[in-house]
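Here the structure is a predicted model, which is why all the values come from computation and not from measurement.
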Amino acid sequence: MSCSLELALDRAEGALLRVLGTIERRGWNVLAVNAASDALRFTVSLTLDGSRDPQILCRQLERLVDVQQVKVVEAV
């Protein structure tokens with residue numbers, strides 16, 4: 001199953017690496033990453049492939065310190 005996520009992250013050192021590490025440890029494959037930043041935050045769009053429920057992954061990512069918001073944009 002493929003899905004797309006949008007995340008808002010604090011501009012903290014290692015925030016994106018923590019997110020990507022969590023995604024991989026939870027059994028998802030990262031197919032595409034698109035990131036933009038402003039003075040306060042990163043906005044990251046991810047396309048993922050995996051067999052698990054993307055809502056569970058969202059809840060796990062929301063627990064990370066630097067993550068402000070996570071939402072599933074599209075689940076296929």
Side-chain angles (χ1 to χ4, degrees):
M1 171 188 354
S2 261
C3 73
S4 295
L5 301 180
E6 283 189 6
L7 294 91
L9 308 174
D10 290 335
R11 279 194 71 153
E13 189 172 314
L16 184 57
L17 288 175
R18 281 188 288 281
V19 167
L20 293 174
T22 299
I23 289 169
E24 284 189 330
R25 284 189 300 278
R26 300 300 184 247
W28 291 84
N29 295 315
V30 178
L31 302 177
V33 177
N34 186 11
S37 66
D38 59 21
L40 299 175
R41 71 166 87 177
F42 289 115
T43 304
V44 182
S45 298
L46 297 165
T47 304
L48 307 173
D49 183 50
S51 60
R52 299 179 181 190
D53 183 7
Q55 293 299 332
I56 294 172
L57 178 62
C58 284
R59 287 193 301 270
Q60 292 168 337
L61 291 173
E62 286 172 343
R63 294 181 189 151
L64 296 176
V65 173
D66 298 318
V67 176
Q68 295 177 356
Q69 179 183 2
V70 181
K71 66 180 178 178
V72 177
V73 178
E74 179 182 335
V76 179

Does CZ belonging to Arg18 count more than 12 external heavy atoms closer than 6.0 Å?
yes

State yes or no: do Met1 and Leu31 share one hydrophobic cluster built from I, L, V, M, F, W and Y residues joined by side-chain heavy-atom distances below 4.5 Å, directly or via other members?
no

Determine, using the 4.5 Å side-chain heavy-atom cutoff (strictly less than), whether Phe42 and Val33 are members of one ILVMFWY cluster.
yes

Would you mind telling me which of Arg59, Glu62, Arg63 makes a side chain to side chain contact (heavy atoms under 4.5 Å, CB included) with Val70?
Glu62

Side chain proximity check, [X] to [Y], heavy atoms < 4.5 angstrom:
X     : Y     : answer
Leu48 : Val30 : yes
Leu57 : Trp28 : yes
Glu6  : Thr43 : no
Val19 : Val44 : no

Show your reasoning for whether side chain to side chain contact (heavy atoms under 4.5 Å, CB included) applies to Leu46 and Leu20.
CA-CA 10 Å; Leu46 297 165; Leu20 293 174; 4.2 Å; yes

Roughly how far, to the nearest 0.5 Å, is the [atom2] atom of [Y] from the [atom1] atom of [X]?
X     : Y     : atom1 : atom2 : value
Cys3  : Arg52 : SG    : CZ    : 13.0 Å
Arg41 : Leu9  : CZ    : CG    : 9.5 Å
Asn29 : Ser51 : CG    : OG    : 9.5 Å
Glu24 : Arg26 : CD    : CZ    : 12.0 Å
Leu61 : Ile23 : CG    : CD1   : 5.0 Å

Search all heavy atoms of Arg11 against all heavy atoms of Ser37 and return the closest pair with its distance.
NH1-OG, 3.7 Å

